[in-house]
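As structure tokens, the structure follows; a few thoughts come after it.
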Protein chains: 2
Amino acid sequence: MHGEFRPGESLTLRGIGKMFDVSMTPSREAVRRLVADGGLILSASGRVSTPELSNERIEELASIRALIEPELASRALPRAHIALIERLQTINGTIAEMVAKHDDVGYIRANLEFHRTLYLRAQAPAMLALTETVWLQLGPTMRALYARLNRTEVPHNHRLIVAALRAGDEPGLRLAVRSDVTGGLRMLTV
Amino acid sequence: MHGEFRPGESLTLRGIGKMFDVSMTPSREAVRRLVADGGLILSASGRVSTPELSNERIEELASIRALIEPELASRALPRAHIALIERLQTINGTIAEMVAKHDDVGYIRANLEFHRTLYLRAQAPAMLALTETVWLQLGPTMRALYARLNRTEVPHNHRLIVAALRAGDEPGLRLAVRSDVTGGLRMLTV
DNA sequence: TTCCTGCGTTTGTGATCACATTCGCGCGCA
DNA sequence: TGCGCGCGAATGTGATCACAAACGCAGGAA
């Protein structure tokens with residue numbers, strides 16, 4: 001999910017086991033879970049690798065994000081106290097640090113934390129879980145994107161999201177979230 | 001997904017293994033996969049059971065269906081030839097049979113097949129997979145519902161869906177799908 | 001009757017093994 | 001130089017085992 005693996009990277013059960021000092025059994029269970037969620041793909045012969053998404057698939061996943069995430073943001077809006085908004089601004093600060101350090105994985109992690117922090121307020125665990133499933137599928141691909149473009153600042157849409165939250169502007173919030181979600185992924189499709 | 005298990009039913013790895021004449025290992029992997037998708041829940045001590053959904057959770061899952069499924073139907077609409085529409089009507093016939101036989105599991109299975117057949121035309125595999133994840137979570141609960149109410153005919157909304165497809169009526173299709181999806185689940189919340 | 005306490009049984013966990021399949025690299029041939 | 005064949009290494013699969021934890025039922029105390 002955080003882009004620690006590149007698209008198409010292949011993994012082995014024994015290798016994963018060594019990473020975490022466990023035997024093959026726990027590796028297999030973890031892999032099975034990730035495969036179920038689309039975070040890893042299983043070849044016909046049972047080999048495991050990170051997904052290499054086609055452009056169509058990327059667009060589809062972006063559509064799903066554009067469908068669900070504005071809804072989550074909208075549900076979070078009535079419950080967004082000032083403490084939450086400040087927390088989001090702090091995370092934006094972290095994002096700025098990651099941009100400065102050119103830490104791609106850190107950037108993705110902080111970016112997703114921004115969204116998750118907001119959506120947690122929606123009190124919609126199943127919807128959030130579904131969204132995280134989509135993030136999981138996009139992880140390796142997002143890494144490939146952010147490594148390519150050279151960001152200089154925090155995404156503009158994050159500031160728009162915070163502003164809309166402050167103003168209680170529901171349509172503005174939906175639009176800002178939608179733009180933030182589709183904006184980054186649009187440049188993924190080569 | 002098809003409601004073969006009641007909500008809160010508990011399963012054991014060794015028991016599942018016996019069902020399919022395999023050892024614990026394949027059972028564990030299958031269970032892990034279903035747990036990842038929310039089709040089964042894992043207690044703190046590792047015991048496995050089917051989920052007993054709260055009313056809030058049922059409403060949330062219904063919202064997700066109401067959000068995604070009209071989108072899938074809408075994407076399928078331009079590609080819905082006459083052959084597809086006839087296939088949907090055939091499935092409606094199967095549903096009528098299941099109603100007559102009071103076969104709850106068969107009813108759920110045919111009902112989901114109706115939706116899946118339509119959505120497959122949307123050419124959106126990730127979106128369909130997400131939707132099936134939701135169906136999976138609702139499976140045991142749907143069984144509990146359909147066993148309770150005594151249906152006498154095919155759901156009216158299924159006929160509306162077919163009519164909207166024939167007419168190429170996109171707003172009507174979205175509405176019919178949305179009604180079909182939320183209608184059944186509304187009476188679940190006791 | 002109700003609650004608590006033990007204890008035997010059931011259950012999940014992680015490790016390990018044998019085996020069939022597949023991969024990938026190098027050799028040899030054209 | 002390019003292509004196909006073959007063999008050894010690597011990999012996933014399913015089974016089994018030892019062990020610790022949890023469960024659930026029975027018996028006893030209040």
Side-chain angles (χ1 to χ4, degrees), chain A residues 1-54 57 105 125-126 129 132-133 135-141 143-144, chain B residues 1-54 57 105 125-126 129 132-133 135-141 143-144:
Chain A
M1 183 186 290
H2 296 144
E4 289 162 28
F5 296 94
R6 250 170 286 277
E9 211 168 323
S10 62
L11 303 172
T12 65
L13 298 183
R14 287 172 175 87
I16 296 168
K18 282 225 171 72
M19 280 187 212
F20 298 96
D21 261 310
V22 293
S23 78
M24 292 172 59
T25 311
S27 310
R28 285 164 72 176
E29 296 186 4
V31 162
R32 279 308 209 273
R33 181 190 159 184
L34 289 167
V35 167
D37 284 335
L40 292 174
I41 60 165
L42 208 60
S43 83
S45 66
R47 303 305 227 273
V48 183
S49 61
T50 52
E52 294 182 280
L53 304 182
S54 66
R57 182 57 68 99
V105 173
E132 293 195 282
T133 285
W135 295 350
L136 187 66
Q137 296 180 50
L138 284 169
T141 303
R143 158 70 172 276
Chain B
M1 183 186 291
H2 297 144
E4 290 162 28
F5 295 93
R6 251 170 284 278
E9 210 167 324
S10 63
L11 304 171
T12 66
L13 297 183
R14 287 172 176 88
I16 296 168
K18 281 222 171 75
M19 280 187 212
F20 298 96
D21 260 310
V22 294
S23 78
M24 293 173 58
T25 311
S27 310
R28 285 163 73 174
E29 296 186 5
V31 161
R32 281 308 209 271
R33 182 189 159 186
L34 289 167
V35 167
D37 284 335
L40 291 175
I41 61 164
L42 208 60
S43 81
S45 66
R47 305 303 228 272
V48 184
S49 61
T50 50
E52 294 182 281
L53 304 182
S54 66
R57 181 59 66 101
V105 172
E132 293 195 280
T133 286
W135 295 349
L136 186 66
Q137 295 179 52
L138 284 169
T141 302
R143 157 71 171 275

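These figures come from a predicted structure and were not determined experimentally. Reminder, nothing fancy here: chain letters follow the sequence lines and each chain counts from 1.
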Using whole Å, report how far [atom1] of [X] lies from [atom2] of [N].
X	N	atom1	atom2	result
Lys18(A)	dA15(C)	NZ	P	13 Å
Met24(A)	dT13(D)	CE	C1'	8 Å
Glu29(B)	dA15(D)	CD	C1'	12 Å
Leu13(A)	dA10(D)	CG	C1'	12 Å
Leu42(B)	dT13(C)	CG	P	6 Å
Ile16(A)	dA15(C)	CD1	C1'	17 Å
Arg47(A)	dC23(C)	CZ	P	6 Å

Next on the checklist: Using a heavy-atom cut-off of 4.0 Å across all strands, would you classify Thr25(A) as base, sugar-phosphate, or nothing?
Outcome noted: base

Checklist entry - Would you say a side-chain N or O of Arg32(A) is under 4.0 Å from OP1 or OP2 of dT13(D)? => result yes

Checklist entry - Below 4.0 angstrom from OP1 or OP2 of dC23(C), is there any side-chain N or O of Ser45(A)? => result yes

Checklist entry - Does Arg14(A) get its side chain close enough to the base of dG12(D), under 3.5 Å, for a donor-acceptor pair? => result yes

Item to check | Distance-only donor-acceptor test, Arg28(B) side-chain atoms vs dG14(C) base atoms, 3.5 Å | outcome: yes

Checklist entry - Given side chains that start at C-beta, do those of Leu11(B) and Leu40(B) come closer than 4.5 Å, heavy atoms only? => result yes

Checklist entry - Of all the choices, dG12(D), dA15(D), dT16(C), which nucleotide is nearest to the side chain of Ser23(A) once you look at every atom? => result dT16(C)

